Amino acid sequence: MKFKVFGLFEKLYKWIASISVVLITGGCIVYYMMLKESSATVSKESKSLLIEFQDSSFFIGVIYALSLFVVGLYLNSMSSKVQNLYYRRKEQYINLKRLSQVVQSDNESNADVVSKIMLHRGFTGRLGEEKRRPYVIEDGYKYTPKYLKLEDDLLSIRSNLVELVNLKINKYIDCYSLKKRHLNVFIHDLDECLVNIEDWIDKHLEVNEVKRKALSDYIQKLVNSNSDIKRHNRNKRKFKRIYDKSDKKVRDIALRIEKVYGARLHNDIKFEDNLTISLNALEDLIKRLENKTLSDEDILNILGDQSSEVIGELTSIHEQIHELRELIEDIRGY
């Protein structure tokens, strides 16, 4: 995955301004000292090529002030651009925080790798459900073809290996009439079978030490001789490195956004969270009111002659509730 949130000048404009101030200040000091020294040592012919020392302080001061003014304009301009990008950066910040929850990596087994990939695809809208807005949108980062191919390889090779290992081991069990602890022996997690071999045997079979050793040697030989198993293990390690690297990168970018926008970012996010909670409560209240609303026939029976006026009022209230619900849906959609 590749990440890009901040542009080059967003990252460097403060450094550019600081270095410019240092260089301008140093240059003016050096030039002033050269003029001061030359005014006392050089001949009259050489003096004609330089500004008179008495006037040099004025010109240097003007140039220095003008330079600082330009640097200040540059700083203000870049700061305005950064602040104008606030709402986009806020959305990217929320999006990256969600992505960080997805790419947090532990010591994954085969089953965990598969569930992690499927979870990642589900949250990022890569399971074919195009109508729904994904929980994590591809903004601030993008998937590289290399990463997408790695995901596909992990899923396809794992599927083929599960089928192959199940076939081989069940044939071995039937061939040597090994006693099963339950009706069907099916391998879901390759790590459980191919790494913790003896634990897997004890969990699924009732065999003596000799048969356990023979089956363990058979599975180990299968692992050592199958190139797809080795390739799958390499892909798992590569997958974990990518997730670790992505998790660190996401955290670094999120911290930088927090540093740039500070309390304003946190206050806005907290306000939106509280607003979402309030809207959920309000929507729940509206649903309850709609469920408890009397029908027209019930109102007619209860009110008799005054029913027409009350029905009009209730219709008006119902329309206002409907408009309020549409407003909540619009706000959420926004």
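Each residue takes its place number in the sequence, starting with 1. None of the values given here were measured: they were computed from a predicted structure.
- For the pair Arg264 and Tyr87, the cation-pi test (distance below 6.0 Å, angle within 45°) is passed.
- A cation-pi arrangement is not found for Arg234 relative to Phe239, the charged atom failing to lie both closer than 6.0 Å to the ring centre and inside a 45° cone about the ring normal.
- You'll find the side chain of Ile201 reaches within 4.5 Å of the side chain of Val207, heavy atoms only.
- No donor-acceptor pair under 3.5 Å is formed between the side chain of Arg98 and the backbone N or O of Val136.
- Here the straight-line distance linking atom CG of Leu12 with atom OG of Ser18 works out to 11.5 Å at 0.5 Å rounding.
- Side-chain atoms of Lys90 never come within 3.5 Å of backbone atoms of Leu265 as a donor-acceptor pair (strictly under, hydrogens ignored).
- In this structure, Asp244 does not pair ionically with Lys248, as no charged nitrogen and carboxylate oxygen lie closer than 4.0 Å.
- Proximity of Phe186 to Ile169: side-chain heavy atoms (C-beta onward) are nowhere separated by under 4.5 Å.
- Under the 4.5 Å side-chain heavy-atom criterion for ILVMFWY residues, a single connected hydrophobic cluster contains both Ile157 and Ile219.
- Of all non-hydrogen atoms in Gln83 and Val260, the two that sit nearest each other are NE2-O, 4.5 Å.
- With a 4.5 Å cut-off on side-chain heavy atoms, Tyr93 and Val5 do not count as touching.
- Partners of Tyr147 by ring-ring contact (aromatic ring centres under 6.0 Å, His included), not counting sequence neighbours, listed by chain and number: Tyr143.
- Taking CD of Glu91 as the start and CG of Leu96 as the end, the distance is 11.0 Å to the nearest 0.5 Å.
- Val71 and Leu23 fall into different hydrophobic clusters, defined by Ile, Leu, Val, Met, Phe, Trp and Tyr side-chain heavy atoms under 4.5 Å apart, directly or through other members.
- Shown here for Pro134 and Thr124, the closest heavy-atom pair between the two residues is CB-C, 3.6 Å.
- Taking CE from Met1 and OG1 from Thr144, the interatomic distance works out to 8.5 Å, rounded to the nearest 0.5 Å.
- Here the closest heavy-atom approach between residue Lys116 and residue Val102 is recorded as CD-O, 3.4 Å.
- Contact annotation: the side chain of Lys168 never approaches that of Lys171 to less than 4.5 Å [non-hydrogen atoms, C-beta and beyond].
- Taking all atoms of both residues into account, the shortest heavy-atom contact from Phe6 to Ile253 is CE1-O, 4.3 Å.
- Between Lys213 and Glu198 there is no salt bridge, since none of the side-chain N atoms of the basic residue sits less than 4.0 Å from a carboxylate O of the acidic one.
- Glu206 and Arg212 are not joined by a salt bridge, as no carboxylate oxygen comes within less than 4.0 angstrom of a charged side-chain nitrogen.
- Under the 4.0 Å criterion applied to side-chain N and carboxylate O atoms, Arg158 and Asp153 are not assigned as salt-bridge partners.
- When side chains are defined from C-beta on, Lys146 does not count as touching Leu150, because their heavy atoms never get closer than 4.5 Å.
- Residues Ser246 and Val103 come closest through the heavy atom pair C-CG2, 4.4 Å.
- At least one side-chain heavy atom of Glu151 sits under 4.5 Å from a side-chain heavy atom of Arg121.
- Residues Ile94 and Glu272 form a side-chain contact, since some pair of their non-hydrogen atoms from C-beta on lies under 4.5 Å apart.
- The backbone N or O of Asn166 sits less than 3.5 Å from a side-chain atom of Asn170, completing a donor-acceptor pair.
- The pair Lys97-Asp247 does not meet the salt-bridge criterion, since no charged nitrogen lies less than 4.0 angstrom from a carboxylate oxygen.
- Heavy-atom contacts from other residues, nucleotides or ligands closer than 6.0 Å to CD of Glu138 number more than 12.
- Taken to the nearest 0.5 Å, the NE2 atom of His204 stands 13.5 Å off from the CG atom of Leu178.
- The two residues Asn226 and Asp228 come nearest to each other via the heavy atoms OD1-N, 2.8 Å.
- For the pair Ser77 (side chain) and Leu73 (backbone), a donor-acceptor distance under 3.5 Å is absent.
- Following chains of ILVMFWY side-chain contacts shorter than 4.5 Å, one can reach Val113 starting from Leu119, so the two form part of one hydrophobic cluster.
- Between atom CZ of residue Arg89 and atom CD1 of residue Ile257 there is a gap of 7.0 Å, rounded to the nearest 0.5 Å.
- When only modelled atom types and interatomic distance are considered, Tyr86 and Asp268 share a side-chain donor-acceptor pair under 3.5 Å.
- A donor-acceptor pair is defined here as one N or O able to donate and one able to accept, closer than 3.5 Å; such a pair exists between the side chain of Ser156 and the backbone of Asp152.
- Under a cut-off of 6.0 angstrom, the local environment of NZ in Lys149 is sparse, with at most 12 non-hydrogen atoms contributed by other residues, nucleotides or ligands.
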Q: Go through the steps to decide whether Lys211 and Tyr176 satisfy the test side-chain contact (heavy atoms from CB on, under 4.5 Å), and finish with yes or no.
A: CA-CA 9 Å; Lys211 292 182 178 180; Tyr176 290 94; over 6 Å; no
Q | Audit row: Gln101, Tyr135, side-chain contact (heavy atoms from CB on, under 4.5 Å) steps and yes/no | A | CA-CA 11 Å; Gln101 297 173 353; Tyr135 179 70; 3.9 Å; yes
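- The aromatic rings of Tyr243 and His120 sit perpendicular to each other, their planes meeting at more than 60°, with 30° as the lower class boundary.
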Q) What do the steps show when you test Leu154 against Ile117 for side-chain contact (heavy atoms from CB on, under 4.5 Å), and what is the final call? A) CA-CA 9 Å; Leu154 281 166; Ile117 292 174; 3.8 Å; yes
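- Cluster annotation: Ile229 and Tyr218 are assigned to the same hydrophobic cluster (Ile/Leu/Val/Met/Phe/Trp/Tyr, side-chain heavy-atom contacts under 4.5 Å, transitive).
- Between Glu258 and Arg251 there is no salt bridge, since none of the side-chain N atoms of the basic residue sits less than 4.0 Å from a carboxylate O of the acidic one.
- Taking the side chain as every heavy atom from C-beta outward, Leu161 and His232 approach each other to under 4.5 Å.
- By the 4.0 Å N-to-carboxylate-O rule, Asp217 lies too far from Lys221 to be salt-bridged with it.
- The existence of a salt bridge linking Asp252 and Arg256 is excluded, since no basic side-chain nitrogen approaches an acidic carboxylate oxygen closer than 4.0 Å.
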Q.
Arg126 vs Leu148, test: side-chain contact (heavy atoms from CB on, under 4.5 Å). Steps then yes/no.
A. CA-CA 11 Å; Arg126 294 185 291 129; Leu148 296 176; 3.5 Å; yes
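- Here the OG1 atom belonging to Thr25 is positioned 3.0 Å from the OH atom belonging to Tyr64, to the nearest 0.5 angstrom.
- Hydrophobic clustering (side-chain heavy atoms under 4.5 Å, transitive across Ile, Leu, Val, Met, Phe, Trp, Tyr) groups Tyr261 together with Met78.
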